[in-house]
Protein chains: 2
Amino acid sequence: MTAEVIDGVACAASIESSLQIRIDSLKQQGIIPHLAVVIVGEDPASHVYVRAKQRACERLGINSTRIDLPEETSFEQLAEIVQDLNTDDSVHGILVQSPLPNGINELAITDMIEPSKDVDGFHPVNLGRLVQSRDDGQIPCTPYGVMELLHWAGIELTGKRAVVIGRSFNVGMSQALLLAQKGADATVTIVHSKTQNPEEVCKEADILIAAVGVPEMVLASWIKPGAVVIDVGVNRVEDSSKERGYRLAGDVHPDVADVASALSPVPGGVGPMTIAMLMSNTVRSSEKKL
Amino acid sequence: MTAEVIDGVACAASIESSLQIRIDSLKQQGIIPHLAVVIVGEDPASHVYVRAKQRACERLGINSTRIDLPEETSFEQLAEIVQDLNTDDSVHGILVQSPLPNGINELAITDMIEPSKDVDGFHPVNLGRLVQSRDDGQIPCTPYGVMELLHWAGIELTGKRAVVIGRSFNVGMSQALLLAQKGADATVTIVHSKTQNPEEVCKEADILIAAVGVPEMVLASWIKPGAVVIDVGVNRVEDSSKERGYRLAGDVHPDVADVASALSPVPGGVGPMTIAMLMSNTVRSSEKKL
């Protein structure tokens, strides 16, 4: 078997098309969606991500403000900027790019973002609404993107066994909640670093979501033949044959394509979906101003 | 095999003993823990629960205020009472007894409770902190009680397969998050009404938590020999041989005792633990005033 490719680029493009209509309608009503992105320090990967988010805004005609702060920014300085953005009526979405430099408590900064403007979906009020299966919050972009990708690819979830590898609050745990809630209706198992025999547990999965951050950890032998595999990992692996000195690898080994029925690639799978859902959250937040 | 009984009454008594020391210390420092319970209407089971909570307060020397409101109370009237309790510095815990009469949006009332006084742990900010594995929130009393009961009974969780039946926000989903988070480290599966072959999935469990609300649904044939079973269900089943016309039944069939290594009874298992954890949350909230 060679797995069908679940094309995140195409799915993201389709989502952006439908967002475009909503953005045009907002503009006709005098509202220009506006995302503010705050980046602290010089982490190269963060700069790549922020640039990609700005490009998506440009593509869709969403205003974007980028606030670059030096590595030595204090917690108080960053907090003041967040408060200013909270009270700025022209701003509909606020994103503070993770990771923040050591010494700045990232959760405390997230707690300060006005929940309706929290387009990352990381504020506890928004995560709690996920637990409550409510639809009036902001959903974290990556697991939200995975749900949209599965839906777009026509993958049936109801009653299926889904396994999520990873238990971060913004991916693994949120993904498990989204898959288990009413309407999605998968039977979900959360696998993590303390799981005994993860390969056996993963082999139960009709749908496997890998979000561990370990390059190519999920092997073909972990996959039930015909399973659907979504690779959330984006890992930099040294590669001297590349000009930049590294290649991007997912959490899933390429050989999985021989066993799975469908597989999202890295890059070109969940990555573009994460950005599309950030745009979607920003548009949603803007529409609340109508 | 006849399962060892996991005695919730004894465990709750042990928790209350250690709370007593903290309450005495609070009083020496001039703080009397104070729980306000609001009950709307005449639901008989709710009145039984509220009375049990008041009795626990009396036992421990926690001040309790009970506010009884008529069935026809409006949302606005209830909201005003909650706001008053939020701003009353002598009140450390607020509990609005569920269910509320039809016509009052229960989630909207929960959203209004000051999170630090939300001793039920139902506010989205507190549920979101669970997703984030933070320890600065209030944890919903029933799943918190189950964790304490498992710990007290010496049940090892790390790397074990745990299955939670039920996906309510305040029991099933919260229980799954607690079992999966760092420190607990179980490999958790969430089973619900759309799960195919629930008996097969449950049979994978080393630890099974039943929180469905269907009397005696979990049969002996669903249990892996030697598994630990925690019965969260409290169901009223018609029984003409009883003076009150009903008996209490759990979600777990009594025959499970022949297969499990340990089993919490109904009544006398999770019920007293829920109340003990409500007292614990109230004491914790009071200690923040120090």
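Within every chain, numbering begins at 1; the chains are lettered A, B, ... in the order of the sequence lines, protein sequences first and strands thereafter.
Under a 3.5 Å cut-off, the side chain of Asp251(A) and the backbone N or O of Val214(A) do form a donor-acceptor pair. Not a single donor-acceptor pair under 3.5 Å links the side chain of Asp185(A) to the backbone N or O of Gly159(A).
Residue Asp111(A) touches chain B through its side chain alone, counting heavy-atom pairs closer than 4.5 Å. Residue Ala186(A) touches chain B through its backbone alone, counting heavy-atom pairs closer than 4.5 Å. Looking at Glu204(A), only its side chain comes within 4.5 Å of chain B, counting heavy atoms on both sides.
Note on Val191(B), Thr158(B), Val201(B), Asn170(B): by heavy-atom pairs under 4.5 Å with chain A, the leading option is Val201(B). The residue among Leu107(A), Leu130(A), Asn197(A) with the most heavy atom pairs within less than 4.5 Å of chain B is Leu107(A). Of the residues considered (Lys160(A), Arg167(A), Lys194(A)), Arg167(A) shows the highest number of contacts with chain B, using heavy-atom pairs under 4.5 Å. Of the listed residues Arg134(A), Gln132(A), Lys182(A), the one with more heavy-atom pairs under 4.5 angstrom with chain B than any other is Gln132(A).
Using a 4.5 Å heavy-atom threshold, the side chains of Met173(B) and Gln181(A) count as touching. Two residues are said to be in side-chain contact when any heavy atoms from C-beta on lie closer than 4.5 Å; Gln83(B) and Glu114(B) fail this criterion.
Remark: of the listed residues Leu179(B), Val164(B), Leu127(B), Asn126(B), Leu127(B) is the sole one forming a side-chain contact (heavy atoms from CB on, under 4.5 Å) with Ser174(B).
Looking at every heavy atom in both residues, Pro99(A) comes nearest to Glu106(A) through CA-OE1, 3.7 Å.
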